[in-house]
Amino acid sequence: MDAETVDRWMQGYVRAWTTNDPEEIGGLFTEDARYYTAPHREPWNGRREIVEGWLDRKDEQGRWDFRHEVVALTDDVAFVRGWTTYHDQEEPNYSNLFVIRLTEDGRCSEFTEWWMEAQED
């Protein structure tokens, strides 16, 4: 795995986040993927449950901006730092760390979100 592969996957993730299209969301993940919305929560298991969970807590288009950088890579795991900024101030801004396990075909088999409210200086 290389940074270009991870960046391409993240671009797909942001596109799916923007569109909330079930096919775009599902296309990111293997059939048996696990998606942890926080490190110690039970994951969404399998593509269908991931799509359903995602859509149950979807963000509406145009309310946020996101940027990311690949921090570190192993053979099959990527660590990505992200920054989420919400425009309407109803939601705090977030600092994110994503731990992403990709398969050889570029789909995600395990995704864990670590997130916290961003602290203002």
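Sequence positions, counted from 1, serve as the residue numbers for this chain. This structure is a prediction, so every number in the text was calculated from the model and none was measured.
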Exercise. Given side-chain contact (heavy atoms from CB on, under 4.5 Å), test Thr18 with Trp64 step by step and report yes or no.
Key: CA-CA 9 Å; Thr18 301; Trp64 52 270; 3.5 Å; yes
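- For the side chain to side chain contact (heavy atoms under 4.5 Å, CB included) test with Ser109, the passing option among Glu31, Arg101, Arg34 is Arg101; the others fail.
- Smallest separation of non-hydrogen atoms from Gly62 and His87: O-CD2, 3.4 Å.
- Within the model, atoms CZ of Arg47 and CZ of Phe29 stand 10.0 Å from one another, a figure rounded to the nearest 0.5 Å.
- Under the salt bridge (Lys or Arg N to Asp or Glu O under 4.0 Å) criterion, Asp21 pairs with no residue at all, not counting sequence neighbours.
- Rounded to the nearest 0.5 Å, atoms OG1 (Thr19) and CD (Glu24) are 4.0 Å apart.
- Under the 4.5 Å side-chain heavy-atom criterion for grouping Ile, Leu, Val, Met, Phe, Trp and Tyr, Met1 is connected to Val70 within one hydrophobic cluster.
- For the residue pair Cys108 and Ala33, the shortest heavy atom distance occurs at O-CB, 3.4 Å.
- More than 12 heavy atoms of other residues, nucleotides or ligands sit less than 6.0 Å from atom CH2 of Trp17.
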Exercise. Assess whether side-chain contact (heavy atoms from CB on, under 4.5 Å) is satisfied between Arg8 and Tyr13, documenting all intermediate values.
Key: CA-CA 9 Å; Arg8 187 171 33 258; Tyr13 182 91; over 6 Å; no
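- In this structure, the side chains of Glu4 and Trp9 stay at 4.5 Å or more apart for every pair of heavy atoms.
- Cluster membership for Trp115 and Met10, using ILVMFWY side-chain heavy atoms within less than 4.5 angstrom, is shared.
- Asn93 and Thr84 share no donor-acceptor pair across their side chains, judged by distance under 3.5 Å alone.
- You'll find the side chain of Glu110 stays beyond 4.5 Å of the side chain of Ile100, heavy atoms only.
- Counting heavy-atom neighbours within 6.0 Å of Asp105 CG, excluding the residue itself, gives a total above 12.
- The aromatic rings of Phe66 and His68 sit parallel to each other, their planes meeting at less than 30°, with 60° as the upper class boundary.
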Quiz prompt | Stepwise side-chain contact (heavy atoms from CB on, under 4.5 Å) test for Val6 and Val80 | solution = CA-CA 9 Å; Val6 176; Val80 176; 3.7 Å; yes
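- Of all the heavy atoms in Leu28 and Gly12, the pair that sits closest is CD2-C, 3.7 Å.
- At most 12 heavy atoms of other shown residues, nucleotides or ligands fall within 6.0 angstrom of atom CZ in Arg48.
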Exercise. Apply side-chain contact (heavy atoms from CB on, under 4.5 Å) to the pair Arg67 and Trp83, showing each step before the final yes or no.
Key: CA-CA 5 Å; Arg67 64 186 174 91; Trp83 296 266; 3.5 Å; yes
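- Val99 has its side chain within reach of Trp114: a pair of non-hydrogen atoms, C-beta onward, lies under 4.5 Å apart.
- A donor-acceptor pair shorter than 3.5 Å can be found between the side chains of Arg41 and Thr37.
- Using a 3.5 Å distance cut-off with no hydrogens or angles, the side chains of Tyr35 and Asn45 do not pair a donor with an acceptor.
- No donor-acceptor distance shorter than 3.5 angstrom exists from the side chain of Glu117 to the backbone of Tyr94, with no hydrogens or angles considered.
- At least one side-chain heavy atom of Asn20 sits under 4.5 Å from a side-chain heavy atom of Leu55.
- Contact annotation: the side chain of Asp65 never approaches that of Tyr86 to less than 4.5 Å [non-hydrogen atoms, C-beta and beyond].
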Practice problem: Assess whether ring pair (Phe, Tyr, Trp, His ring centres under 6.0 Å) is satisfied between Tyr36 and Phe111, documenting all intermediate values. | Solution: CA-CA 6 Å; Tyr36 295 85; Phe111 182 91; 9.6 Å; no
